[in-house]
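First listed ligand is number 1; within each ligand, the first listed atom is number 1. FYI, side chains are in, hydrogens and waters are out, and symmetry mates aren't considered; it's all heavy atoms of this structure. Worth saying up front: this structure is predicted, and the values here are computed from it rather than measured.
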Amino acid sequence: MSLVKRCRRRRTRGLPTLLVGTLALATSLAGGPATAAQQGTLHELAAAQGRYFGSATDNPELPDAAYAATLGSEFGQVTPGNSMKWDTTEPARGQFDFTKGDVVTDFARQHGQSVRGHTLVWHSQLPGWVTALPSAQIEAAMENHITEEATHYRGAVTAWDVVNEPFNEDGTFRTSPFYTAMGSDYIATALRAAHAADPDARLYLNDYNIEGLGAKSDAMYALVNELLDEGVPLDGVGMQAHLAVQYGFPYEMRANMQRFADLGLDVAVTELDVRVQLPADAAEVATQSTYYRRVVEDCLAVERCVGITVWDYTDKYSWVPGTFPGEGAAGLYDENLLPKPAYDAVRTALGGGEEGGGPGALKVLYRSNDSSSADNQIKPGLQLVNTGGSAVSLSSVTVRYWFTGGNGASTYSSWCDWSALGCSTVTHRIAAMDTPGAGADHYLEVGFTGGTLAPAASTGEIQLRLNKTDWSNFDESDDYSHGTGTSYTDTGKIAVYVGGELVGGIEP
Ligand code: 9MR
């Protein structure tokens, strides 16, 4: 793929991602207030990262006041699970009924949320009259359906899943009345009709099992390349992400998202849930949290990943048990609308830093590995312990140890001498404080390249060392974080942060 081709595509259509992020932020500000115990809703945390965080919803659920309250406050985007599908919106040929979809767009407007339209063309949930239509009439019926629906929702829907689930698992095109009538051309025809009806909507192709690399995502990749080459209006690819703990995580998700992004397309996670076999045991719950966290991390790592939608946010209204008997518990909230460990994991991955129920869920144990506090090296030994109920992604964690430099060079070197995790996992640097405090004008900051800290787990010992580049002596005796104990204790004078937010220890 030449750079020239990519640039041309970027200019061809649509909002830059940055603007989408700005809109999302504006949306979040219009949404409901954060609960007292948590700083920022899922959507506010996502919006701070230029993304949206949304949920599917459906008309029968909305009268549930407790459900609607969380839907309206925690999420900045909604997708109607059923009410914009063909069987609902055009049950008889030419007779359109947008009542149910309008209830969802009204709810969204009242709560400052954006709406993803789902879906204009799909092989499933088609009314009988479409499947009974002679092939020669399918194209006109499809164009008319798209035109009427996309026109009706102009201004209310920011993105459309124009074509849903066009592929079989092996990457061949799925048979449908549309494919039978028009071959794969039906996809370009549908996109053009949607663009003509609503030139401002972001137009997507959406499918499941295209999160990782493989025959199905390769087929989507080949298709979107072709469409872009032909100048067909296409803005993005939706990855549904109906994941299951027993089938493993699609580890190449980030690389896969990136290859679509490199074509100048947006990417969205459109229907995320992670089902487990019931009854869920502790290991499955922990793995589920990890999967949710990884999806968030992957989306944040890909600039063109515009947001994440869960399908739906609570186990109370999940589609999973009805479709996969014996499986379920796939959502972020349980059947009583209470947040599950996966919710904490998502918050943390979004930079919320309240894993396991608030500040204090991580603590740092410290001992001095230095027999002299007046020599030319400082040797803190640290251990990080997860005191919360959910796994913590170490890549979002940093630890600070404060000291004074004193006379001599003001440049430093730092070292990891030994770590139970392996020093290659540990990052370290010395930074000067803008405003020095008592016993502190510099700090050693320790971080991690990756890994997860399970509930109650410890990183084990991390032996650190630092010196001035001129090897002059320190006077550690009055350093803020310095102690003389030789066994590990929580002194409270070494701070730990998740996503940059203080969660343990006290700063000088
Ligand atoms: O959530 C939807 C559920 O209520 C319907 O019964 C089901 C019928 O197919 O569709 C569900 O949503 C699907 C979505 O439209 C497309 N991707 C798979 C979703 C789960 O089945």
Side-chain angles (χ1 to χ4, degrees), residues 54-64 67-68 71 75 77-91 100-101 103-105 107 115-128 130-131 145-146 149 153 157 159-169 174-178 187 190 194 203-212 216-217 220 236-244 247 250 267-276 291 295 307-333 335:
S55 174
T57 189
D58 211 352
N59 297 65
E61 307 160 19
L62 288 171
D64 177 341
Y67 165 85
L71 180 72
F75 300 93
Q77 179 271 341
V78 289
T79 305
N82 288 296
S83 50
M84 290 186 188
K85 289 174 179 172
W86 199 320
D87 56 354
T88 304
T89 53
E90 194 186 3
K100 287 186 172 170
V103 171
V104 175
T105 53
F107 181 93
V115 180
R116 182 176 195 89
H118 176 81
T119 171
L120 294 169
V121 181
W122 189 26
H123 68 278
S124 182
Q125 288 178 277
L126 280 175
V130 175
T131 35
H145 179 76
I146 293 170
E149 181 156 7
Y153 285 114
V157 155
W160 271 110
D161 291 328
V162 177
V163 176
N164 193 36
E165 302 175 2
F167 290 111
N168 295 312
E169 291 307 290
R174 188 195 285 274
T175 301
S176 68
F178 315 106
I187 296 170
L203 305 183
Y204 280 70
L205 303 181
N206 191 49
D207 215 326
Y208 61 90
N209 285 351
I210 59 161
E211 296 78 26
K216 200 171 180 182
S217 65
M220 180 64 93
V237 171
M239 299 179 178
Q240 294 185 6
H242 292 294
L243 306 181
Y247 298 135
V267 179
V269 178
T270 51
E271 303 183 15
L272 175 62
D273 48 25
V274 183
R275 59 186 189 271
V276 302
Y291 284 23
V295 171
I308 296 171
T309 308
V310 292
W311 201 263
D312 176 311
Y313 77 83
T314 164
D315 295 340
K316 188 172 181 183
Y317 297 120
S318 170
W319 66 289
V320 171
T323 304
F324 300 102
E327 297 179 45
L332 292 177
Y333 290 66
E335 301 211 347

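- Considering backbone and side-chain N/O of Asp58, none are found under 3.5 Å from N/O of ligand 1.
- Any N or O atom pair closer than 3.5 Å counts here, and Asn164 shares no such pair with ligand 1.
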(Q) Between Glu335 and Lys316, does the salt bridge (Lys or Arg N to Asp or Glu O under 4.0 Å) criterion hold? Intermediate values first, please. (A) CA-CA 4 Å; Glu335 301 211 347; Lys316 188 172 181 183; over 6 Å; no
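- In terms of protein heavy-atom proximity, atom 7 (C) of ligand 1 is closest to Gln125 OE1, 3.9 Å.
- Geometric assessment of Arg116 against the ring of Tyr204 yields a positive cation-pi assignment under the 6.0 Å and 45° thresholds.
- Of the heavy atoms in Asp312, none comes closer than 4.0 Å to ligand 1.
- Checking each of Val163, Val162, Asp161 against Thr119 for a side-chain contact (heavy atoms from CB on, under 4.5 Å) leaves exactly one that passes, namely Asp161.
- Relative orientation of the Tyr333 and Phe75 rings is tilted, given thresholds of 30° and 60° on the angle between their planes.
- Aromatic rings of Trp311 and Tyr208 (six-membered ring for Trp) have centroids beyond the 6.0 Å cut-off, not under it.
- Per-residue contacts place His242 under 4.0 angstrom from the following atoms of ligand 1 (heavy atoms of the residue considered): 17 (N), 18 (C), 19 (C).
- Nearest to atom 12 (O) of ligand 1 among the protein's heavy atoms is Trp311 NE1, 3.3 Å.
- With ring centers used as reference points, Trp160 lies 6.0 Å or more from His118.
- Below 4.0 Å from some heavy atom of Glu165 lie the following atoms of ligand 1, by number and element: 16 (C), 17 (N), 18 (C).
- If you number the atoms of ligand 1 from 1 as listed, the ones under 4.0 Å from a heavy atom of Trp122 come out as 9 (O), 15 (O), 16 (C).
- Of the N or O atoms in Gln240, one or more lie within a sub-3.5 Å distance of an N or O in ligand 1.
- In summary, Lys100 and Asp58 do not engage in a salt bridge, as defined by a charged side-chain N under 4.0 Å from a carboxylate O.
- For Glu271, a nitrogen or oxygen atom sits less than 3.5 Å from a nitrogen or oxygen atom of ligand 1, counting backbone and side chain alike.
- Residue-ligand proximity: Tyr208 is placed with every non-hydrogen atom at 4.0 Å or more from ligand 1.
- Atom 10 (O) of ligand 1 has Lys85 NZ, 3.1 Å as its closest protein atom, hydrogens excluded (heavy atom only).
- Annotation: atom 4 (O) of ligand 1 to nearest protein heavy atom, Asn82 ND2, 2.8 Å.
- Atom 14 (C) of ligand 1 has His118 NE2, 3.4 Å as its closest protein atom, hydrogens excluded (heavy atom only).
- Ring orientation note: the planes of Trp86 and Phe178 are close to parallel, at an angle under 30° on the 30°/60° scale.
- Salt bridge present: Glu327 and Arg275 bring a charged side-chain N and a carboxylate O closer than 4.0 Å.
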